[in-house]
Amino acid sequence: MSKKQFKINGMSCASCASTIERVAKKVPSLNFAQVNFATETGTFELVDENHWEELKSKVSKAGFELSEQSLSDDSEDVSSKWWRFYVAITLSMGLFFLEMTPWGMNMSREVNWPLQFAFALPIWAWLGTEFLKALLVLFRTGQSNMNTLIGLGTTAAFIYSTFVTFFTATAERWGFSIQVYFEAVGFIISFVILGKIFEAKAKKKALRDMDSLYRLSAKKARVIGEDGVETEVPLEEVKKNMLIRVRPGEKIPVDGEITSGKTSIDESLLTGESLPVEKAEGMEVFSGTINGEGTIDFKAKKVGSETFLAGVVDFVERAQMNKAPIQRYADKISSVFVPIVIVIAIFTFFAWLYWGPMPVWGNALSSMIAVLVIACPCALGLATPTAVVVSTGRASRRGLLIGGGEVIEKGSRIDAIIFDKTGTITFGRPRVSDFILEDGVDEKNFLQRVATVESFSEHPLSKAILNFASERGISENMPDSFEVVPGKGIVASIDNEEILIGNEKLMSEYAPDAKLRIPDNDIGTHIYVAREKKFEGSFVLEDEIKPEAKQTIERLQSAGIECWMVTGDNAKIAQKVSEQVGLKHFLASALPEDKLNKIKALQSEGKKVAMVGDGVNDAPALAQADLSLAMGSGTDVAMEASDVIITNGEVSKIEEFVGLASHSMKIIRQNLFLAFVYNTLCIPLAAGLFYLIWSSPFPPAFAGIAMAASSISVVSNSLRAGYVPVGGK
């Protein structure tokens with residue numbers, strides 16, 4: 001398999017995206033194709049990488065170009081497009097002067113019309129080249145898009161006017177209206193160019209958050225050699241385990257671990273955390289973050305595509321390609337819309353020709369052009385993807401990575417949320433608050449056995465016990481064997497002796513005769529230790545509740561969302577935590593399958609369920625849920641199974657996501673309403689309704705203005721997409 005993402009040049013509407021996907025499917029080894037009109041990008045996957053050139057060739061024949069340049073490049077600077085508009089509008093004003101002013105009207109037709117032809121020719125043949133190319137593609141392949149409609153309308157007007165200008169006698173003999181439409185050609189193309197400029201600026205504004213992620217990456221790194229000499233090298237040359245030095249105010253070039261120095265680092269653009277984070281020896285740093293007041297040296301741990309920043313960029317890029325179900329309907333409509341419009345335009349032409357008032361040829365042509373121009377489905381194609389681009393881009397800068405339009409749509413429908421406790425409602429940094437030993441058990445040997453086993457586990461409870469042992473000067477060794485029993489604990493072997501470390505369920509299964517004891521301070525997570533099926537000691541671990549958890553849960557519940565905490569801890573702990581954060585429902589002593597079954601039970605009641613977790617044990621439940629959210633501080637397994645990643649682990653981001661999803665879907669529905677209503681109302685107006693009301697055909701130039709305005713209004717409305725508190729407007 002070979003997968004690539006391209007910048008696509010030449011797209012003008014949503015039907016272009018559908019056309020490219022349809023053309024790509026003709027490549028024999030294509031496995032996947034997805035094109036996004038708003039970002040002007042496409043992702044393709046081929047089974048045989050030797051077919052990339054064939055893919056590019058087929059797309060090129062359809063009138064588009066696949067470019068492998070960096071997606072962060074500004075291939076078309078908006079300011080460079082203005083000159084086309086300036087030239088077009090200047091020539092169009094000349095046409096207006098010749099056609100509409102007294103001075104022009106007093107000129108003889110033999111002089112005036114050839115002058116208009118001279119002004120209109122460069123607009124139609126040079127500045128309107130993209131529309132003529134679309135016509136050629138239509139005739140060669142049958143593929144059509146927005147540019148096809150503009151090309152048909154302006155070409156029909158130009159050829160008709162040219163024929164009347166230079167073959168007037170023949171035109172009169174054939175019954176043509178002796179009237180020219182050169183000014184319509186000029187103003188339509190001018191206004192379409194202007195609309196594209198404003199649309200491009202709005203789209204660029206919509207993508208600014210994504211651009212800021214691209215620009216976060218440093219370009220160079222200061223590497224310290226074995227001789228202690230600093231050398232500045234390009235980022236691409238940085239390898240793992242190199243020693244990097246970062247001075248105050250500089251960007252962190254790659255992910256790593258501090259070896260010397262203290263500082264504070266601004267991680268806001270990656271995590272949404274506004275306050276700088278204090279960093280010291282042994283702590284992690286991430287690429288794209290900004291160093292504060294101290295100089296630090298760190299060892300490179302992740303470089304290139306492995307860095308946290310690269311992962312964020314890749315996640316957001318894929319998210320913005322992900323289509324919401326509601327967008328797929330719009331795409332289907334857009335793919336057939338252009339051919340339908342052409343049929344309507346032809347019908348309009350002949351209806352005016354046979355039943356319209358005099359001059360029939362002129363009115364028929366004018367109405368047909370207006371239908372072709374005003375019906376462009378640009379707004380329909382922009383309705384969903386621009387809102388998705390804006391909301392996912394903004395969310396990424398607030399420490400919230402959203403997996404695309406489908407995730408946003410699912411998030412807006414959530415009415416039940418299941419929280420894991422450790423690492424979600426609590427910080428996931430438990431500490432040992434108490435422990436006891438069975439009589440006759442040596443403390444040092446006991447802690448060394450426990451530390452040896454726990455050193456192989458990534459569970460937060462294991463790390464807490466390991467830290468407890470380390471503080472007492474205990475070092476770990478190598479166990480003979482090691483096995484995690486999901487939801488219960490660990491079974492290991494040291495010196496051919498079986499060691500059990502886990503909860504009561506593990507002990508009841510593997511050491512049913514062991515007489516378990518817990519310390520007097522029993523409010524906490526209980527971990528029991530047995531050797532050769534005999535109880536040796538137990539720990540009580542406590543975890544601090546996140547300060548924002550209570551307010552977040554109260555807001556979600558007040559918005560009508562049913563909230564549950566499902567935890568592997570005992571009922572006493574679960575009840576205590578639930579009371580502290582205001583949860584109405586909880587399930588204690590839950591195994592991974594219990595979490596899974598609880599989600600299924602809620603789903604069987606017709607609820608759309610979201611699951612929030614951070615551990616390996618949460619992965620099955622995250623996969624079963626209608627929507628899955630993972631704390632960024634969690635494991636890679638949970639991150640892979642999730643639709644939403646909360647990079648800084650703040651539980652308040654859950655409420656923020658629900659609010660953002662609801663508001664973004666409201667924006668998308670407004671956009672689709674605007675697009676559908678616009679086309680539904682404007683096509684009849686252009687076809688003849690305008691004449692019935694105002695006794696005049698709809699001016700083609702007005703159609704160009706209206707078409708551009710519809711796209712701009714949809715994109716501008718999309719810029720409002722973002723976070724609104726749950727229950728907000």
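- Panel note: side chain D415, backbone K607; no donor-acceptor pair is recorded below 3.5 Å.
- Heavy-atom minimum distance, D420 versus K595: OD1-NZ, 3.2 Å.
- M665 has its side chain within reach of I408: a pair of non-hydrogen atoms, C-beta onward, lies under 4.5 Å apart.
- Side chains of E562 and Q557: a donor-acceptor N/O pair is absent below 3.5 angstrom, by distance only.
- One side chain, N671 or S718, offers a donor N or O that lies under 3.5 Å from an acceptor on the other.
- Between the NZ atom in K279 and the CD atom in E257 there is a gap of 11.0 Å [rounded to 0.5 Å].
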Test side-chain contact (heavy atoms from CB on, under 4.5 Å) on F419 and I654; report intermediate values, then the result. CA-CA 10 Å; F419 295 85; I654 300 166; 3.5 Å; yes
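- A side-chain donor from one of S264 and E293 sits under 3.5 Å from a side-chain acceptor of the other.
- Side chain of N503 to main chain of L506: a donor-acceptor pair is present (N/O by atom type, distance under 3.5 Å, no hydrogens or angles).
- A distance-only check finds a donor-acceptor pair linking the side chain of S628 to the backbone of D643 [under 3.5 Å].
- In plain terms, the two heavy atoms of S391 and V388 that are nearest each other are OG-O, 3.2 Å.
- Side-chain contact check for E548 and S652: no donor-acceptor pair (N or O, by modelled atom type) lies under 3.5 Å.
- Taking the six-membered ring for Trp and thresholds of 30 and 60 degrees, F435 and F468 have ring planes more than 60 degrees apart, a perpendicular arrangement.
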As a quick check of understanding, evaluate side-chain contact (heavy atoms from CB on, under 4.5 Å) for K608 and Q603, giving each step before the final call. CA-CA 6 Å; K608 299 296 182 183; Q603 288 172 332; over 6 Å; no
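- For the pair A387 and I668, the tightest heavy-atom approach, listed with the atom from each and the gap, is CB-CG1, 3.6 Å.
- Once rounded to the nearest 0.5 Å, the distance linking CD1 of I553 with CD of E655 reads 11.5 Å.
- Look at K546 and E650 and you find no salt bridge, because none of the NZ, NE, NH1 or NH2 atoms lies under 4.0 Å from a carboxylate O.
- Atom CZ of F673 is surrounded by 12 or fewer heavy atoms from other residues, nucleotides or ligands within 6.0 Å.
- One distance of note links CG of L401 with CG of L629; it measures 11.5 Å at 0.5 Å rounding.
- Under the 3.5 Å distance criterion, the side-chain polar atoms of S604 are matched with a main-chain donor or acceptor of A601.
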Let me see the working for T525 and V540 under side-chain contact (heavy atoms from CB on, under 4.5 Å), right down to the final yes or no. CA-CA 5 Å; T525 301; V540 175; over 6 Å; no
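- Here the side chains of V485 and I490 are not in contact, with every heavy-atom distance at 4.5 Å or above.
- Side-chain atoms of I402 and F657, non-hydrogen and from C-beta on, do get closer than 4.5 Å to each other.
- Here CD of Q624 is found 13.5 Å from CD of E593. Values are rounded to the nearest 0.5 Å.
- In this structure, the side chain of T289 engages the main chain of F286 through a donor-acceptor pair within 3.5 Å.
- Atoms CD and OG, on E409 and S662 in that order, are 12.0 Å from each other to the nearest 0.5 Å.
- No side-chain heavy atom of V714 sits under 4.5 Å from any side-chain heavy atom of N717.
- Between the side chain of D266 and the backbone N or O of G292 there is no donor-acceptor pair closer than 3.5 Å.
- No side-chain heavy atom of L587 sits less than 4.5 Å from a side-chain heavy atom of T567.
- The side-chain heavy atoms of H459 and V484, taken from C-beta on, include no pair separated by under 4.5 Å.
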Pair F539-Y528, ring pair (Phe, Tyr, Trp, His ring centres under 6.0 Å): steps then yes or no: CA-CA 7 Å; F539 298 86; Y528 303 95; 10.0 Å; no
Would you please test L627 and V407 for side-chain contact (heavy atoms from CB on, under 4.5 Å) and show each step? CA-CA 7 Å; L627 184 76; V407 175; 3.6 Å; yes
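- Few gaps surround CD on Q670; more than 12 heavy atoms of other groups in view lie less than 6.0 Å from it.
- Under the 4.5 Å side-chain criterion, counting only non-hydrogen atoms from C-beta, R720 is in contact with H663.
- Taking both residues in full, the closest heavy atoms of E21 and V35 are given as OE2-N, 2.9 Å, listed atom of the first, atom of the second, then distance.
- Here the closest non-hydrogen pair linking A574 and A588 is CB-CB, 3.7 Å.
- D255 places a side-chain N or O within 3.5 Å of a backbone atom of S287 that can act as its donor or acceptor partner.
- Across all their heavy atoms, F427 and P547 have their closest contact at CZ-CD, 3.7 Å.
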Please lay out, stage by stage, how K505 and E509 fare under the test salt bridge (charged side-chain N to carboxylate O under 4.0 Å, His left out). CA-CA 6 Å; K505 289 183 178 180; E509 183 176 338; over 6 Å; no
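- Remark: the N291 side chain and the T263 side chain contain an N/O donor-acceptor pair separated by less than 3.5 Å.
- Looking only at side-chain heavy atoms (C-beta outward), I527 and L541 come within less than 4.5 Å of each other.
- By the 6.0 Å contact criterion, CD on Q551 is open, its count of non-hydrogen atoms from other residues, nucleotides or ligands being 12 or less.
- One finds the NZ atom of K421 at 8.0 Å from the CD1 atom of I545 (value rounded to the nearest 0.5 Å).
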